[in-house]
Amino acid sequence: MLHKHRSRAITEGPARAAHRAFLRATGLDDDDMNKSMVGIMSSHGDNTPCSKSLGPQADSARLGVAEGGGVPVSMSTVSVSDGTSMNHDGMRMSLLSRELVADSIELAVRGHAYDALVGFAGCDKTLPGTIMAMVRLNVPSVFVYGGSMLPGHAPDGTEHTVLSAIEGVGRYQAGQLSLEQLHAIEKTSAMTVGSCPGQFTANTMAMVGEALGFSFLGSATIPAVYSERLALARRAGRRVMEMLRTGGPLPRELVTRKSLENVCAAVAATGGSTNAALHIPAIAHEAGIRFTLDDVAQVFARTPLIADMQPGGRYLARDLNIVGGVPVVLNALLAGGFFHGDTLTITGETMAQALARHPGPDGKVVRSCASPIHPSGGLVVLKGNLCPDGALLKIAGLKSLAFDGRARVFETEEDCFRAVSTSDYTAGDVLVIRNEGPKGGPGMREMLSVTAAIYGQGMGEKVALLTDGRFSGATRGMCIGYASPEAAAGGAIGLVRDGDRITIDAEAAALQLHVDDAELARRRAAWKPYARERLAGVLEKYAKLVGPTHEGAVTHSGNATWPYPAIEGETK
């Protein structure tokens, strides 16, 4: 139980007269000095539809905190839009922004000694970054996802999402669309605020927040434009005040090995974003739990794919919301024995207790575990001499789970995109993009523009793509990413040469470079790191700090502690 509030270090005692003077200048009075101070952190901004919906929701949370007897303090952090940073140098900033979001929330909350936290996020990296900060700080916390956008519709009624526009570029390059048709798709693909509506990274991580117990059950799939979200935010403010009074549950009571296995099962069951396998170990790391890609792989392998979600399937977050939201998936997993029901939620109930109020699978959007779409999860961790620490393949929607081809090597994403843009590749190629890992990028860029162009050109499963960089949650096709160790760390992907035979076998979870050990040793002796331009600024700092992919690409040693401050006139 929380025996005292941290903000007392700011508001109590004669020595804090100057501190209180500053707070009075923000509009607080004597009564407020005796209340809990609750940080309301959001990544609200006009830079992306994912974040544009967060301001009104965060403002509504202020009402809930005030209703609960606390002082709400609103602040904001950054977001980097994957949508507009894609396929240029800006994408190097995306994964890095996850660390900056976590660090900035830690700085604000610790710097001002806030007692609790309500966090709002909508973009791919702001979600894990906010949850990571909550675990790091370990103060009473409630996480609220901003919600996804609704799909757009063409005049003929065709449903469009952002993925329609991304893949439309490939169709245009292949001569399958006119420029006018591509423009029409562009104008009808993203027509409301909110995050991308498929089971891409944002919705996957929102589901992770819910399955981890940090969010109210049933909240993740509510569209961003629904007024219900304002009531939800207000409820979050009230709940965090209740948690302060009762002493929890605290974030590190929610993050356990069982709950981490639960979130992996939820990702696998829905064919979620491969990025989750990077973010889940990072969240675990904040709690001092070693949970690597190997641990993720074990859960993925034993969990059936039961949700028919885009990009591999047919349905969107809105459709899942109609049938009951994320709890439908979790109830199906619980009934099938693939989910631990004794983990905690922010309400103080166990998952099993909380899920009892929600429906089970509808049989259409979500099936039961007895009749899955595929017996193993929609994501597979591959291993072999090319990636001894693992690589990720999303198998949801794939017609074939095996590929045998010859390597076509590119040193950067730009090199590969130029080749793909001009269709300078052939069926049977394994397009290898290296030097794009956490250190090598630096920043581990997503390759969605490349993969979507390939798919748009009708070559989605006629070629394979392998990279030590990342993929978007919207990626589909025979695309293997996160190959670890990365090239910059001396990984075997840096030794591949044009024409080398590579086989991919998702059934056996294997990825093999058919080059004998002696030849690989010769290549390794002659290998030199790829020389990029001189780094400075944030990229230089990140490259020096970031750890390996299979451990979450984290930048500190984890398990941080925040001791209670000494209060004037009070003995410990």
Given side chain to side chain donor-acceptor pair (under 3.5 Å), test N275 with E446 step by step and report yes or no. CA-CA 10 Å; N275 281 315; E446 290 184 352; 3.0 Å; yes
Begin from the C-alpha positions of V101 and L127 and carry the test side chain to side chain contact (heavy atoms under 4.5 Å, CB included) through to its verdict. CA-CA 9 Å; V101 168; L127 277 88; over 6 Å; no
Step by step, work out the side chain to side chain contact (heavy atoms under 4.5 Å, CB included) result for F120 and H44. CA-CA 8 Å; F120 292 82; H44 172 73; over 6 Å; no
Residue pair H374, S376: steps toward the side chain to side chain donor-acceptor pair (under 3.5 Å) verdict: CA-CA 6 Å; H374 191 273; S376 65; 3.2 Å; yes
Residues N321, Y226; criterion side chain to side chain donor-acceptor pair (under 3.5 Å); working and verdict: CA-CA 12 Å; N321 188 63; Y226 282 18; 5.4 Å; no
Full working for side chain to side chain donor-acceptor pair (under 3.5 Å) between N47 and S79: CA-CA 8 Å; N47 59 319; S79 66; 3.1 Å; yes
Test side chain to side chain contact (heavy atoms under 4.5 Å, CB included) on V80 and K125; report intermediate values, then the result. CA-CA 8 Å; V80 173; K125 308 309 175 297; over 6 Å; no
Take L217 and E210 through the side chain to side chain contact (heavy atoms under 4.5 Å, CB included) test and state the conclusion after the steps. CA-CA 6 Å; L217 287 180; E210 201 168 312; 3.8 Å; yes
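Geometrically, R257 does not engage F291 in a cation-pi contact defined by less than 6.0 Å to the ring centre and at most 45° from the axis.
With hydrogens and angles disregarded, no donor-acceptor distance shorter than 3.5 Å links the side chain of S148 to the backbone of G194. Although no hydrogens or angles enter the test, the distance criterion places no donor-acceptor pair under 3.5 Å between the side chain of D115 and the main chain of V38. In terms of modelled atom types and a separation under 3.5 Å, the side chain of N203 and the main chain of A317 share no donor-acceptor contact. Remark: the backbone N or O of S164 is not paired with any side-chain donor or acceptor of E167 at under 3.5 angstrom. Between the T303 side chain and the A269 main chain, no donor and acceptor come within less than 3.5 Å of each other. At distances below 3.5 Å, at least one donor-acceptor pair connects side-chain atoms of N331 with backbone N or O atoms of P359. A distance-only check finds no donor-acceptor pair linking the side chain of R318 to the backbone of M149 [under 3.5 Å]. Here the side chain of T246 pairs a donor or acceptor atom with the backbone of E242 at under 3.5 angstrom. For the pair T270 (side chain) and V267 (backbone), a donor-acceptor distance under 3.5 Å is present. Between the side chain of R234 and the backbone N or O of V65, no donor-acceptor pair lies under 3.5 Å.
Within the model, atoms OG1 of T343 and CD of E253 stand 12.5 Å from one another, a figure rounded to the nearest 0.5 Å. Taking OG of S219 as the reference point, atom CZ of F214 lies at 13.0 Å (rounded to 0.5 Å). In this structure, NE2 on H88 lies 9.5 Å from CZ on R445, to the nearest 0.5 angstrom. Taking OH of Y145 as the start and OG of S215 as the end, the distance is 11.0 Å to the nearest 0.5 Å. Residue E67 holds its CD atom at 5.0 Å from CZ of R238, rounded to the nearest 0.5 Å. Rounding to the nearest 0.5 Å gives a distance of 8.5 Å between CE of M351 and OG1 of T347.
Counting only N and O atoms by type, the side chains of Q457 and Q173 include a donor and acceptor under 3.5 Å apart. Side-chain atoms of K394 and T274 form no donor-acceptor pair, as typed in the model, at a separation below 3.5 Å. No hydrogens or angles considered: a donor-acceptor pair under 3.5 Å links the side chains of H160 and T188.
A salt bridge between D308 and K364 is absent, with no side-chain N of the basic residue lying under 4.0 Å from a carboxylate O of the acidic one. Comment: R235 does not engage E228 in a salt bridge, judged by the lack of any side-chain N to carboxylate O separation of less than 4.0 angstrom. Ion pairing of E349 with R357 is present here, as a side-chain N (NZ or NE/NH1/NH2) and a carboxylate O approach within less than 4.0 Å. Looking at R367 and D362, no side-chain N of the basic residue comes within less than 4.0 Å of a carboxylate O on the acidic one, giving no salt bridge.
Under the 4.5 Å side-chain criterion, counting only non-hydrogen atoms from C-beta, S94 is not in contact with L96. Side-chain contact check for I306 versus P361: every heavy-atom pair is 4.5 Å or farther apart. Counting heavy atoms from C-beta on, the side chains of T126 and T77 never come closer than 4.5 Å. Residues L150 and V225 meet the side-chain proximity criterion, which asks for heavy atoms closer than 4.5 Å. Counting only heavy atoms from C-beta outward, the side chains of I105 and T130 approach each other to under 4.5 Å. M41 has its side chain out of reach of V118: every pair of non-hydrogen atoms, C-beta onward, lies at least 4.5 Å apart. Side-chain atoms of T48 and C123, non-hydrogen and from C-beta on, do get closer than 4.5 Å to each other. Side-chain contact between R239 and L244: absent, with no pair of heavy atoms (C-beta onward) separated by less than 4.5 Å.
Each of S189, P311, C196 was compared with L163 under the side-chain contact (heavy atoms from CB on, under 4.5 Å) criterion, and only P311 meets it.
Taking each heavy atom of A102 and M132 in turn, the nearest pair found is CB-CB, 4.2 Å. For the pair G209 and I131, the tightest heavy-atom approach, listed with the atom from each and the gap, is CA-CD1, 4.0 Å. V326 and M207 make their closest contact through CG1-CG, 3.7 Å (heavy atoms, listed as atom of the first residue, atom of the second, distance). In this structure, P197 and T161 approach most closely via the heavy-atom pair CG-CG2, 3.7 Å. Here the closest non-hydrogen pair linking R62 and S74 is CD-OG, 3.1 Å. Residues V142 and A236 share a closest heavy-atom pair of CG1-CB, 3.7 Å.
Within a 6.0 Å radius of OH in Y172, other residues, nucleotides and ligands contribute 12 heavy atoms or fewer.
Not counting sequence neighbours, the partners of Y114 by the ring pair (Phe, Tyr, Trp, His ring centres under 6.0 Å) test are H112. A search for ring pair (Phe, Tyr, Trp, His ring centres under 6.0 Å) contacts involving H279 returns nothing, not counting sequence neighbours. By the side chain to side chain contact (heavy atoms under 4.5 Å, CB included) test, K187 pairs with H183, sequence neighbours left out.
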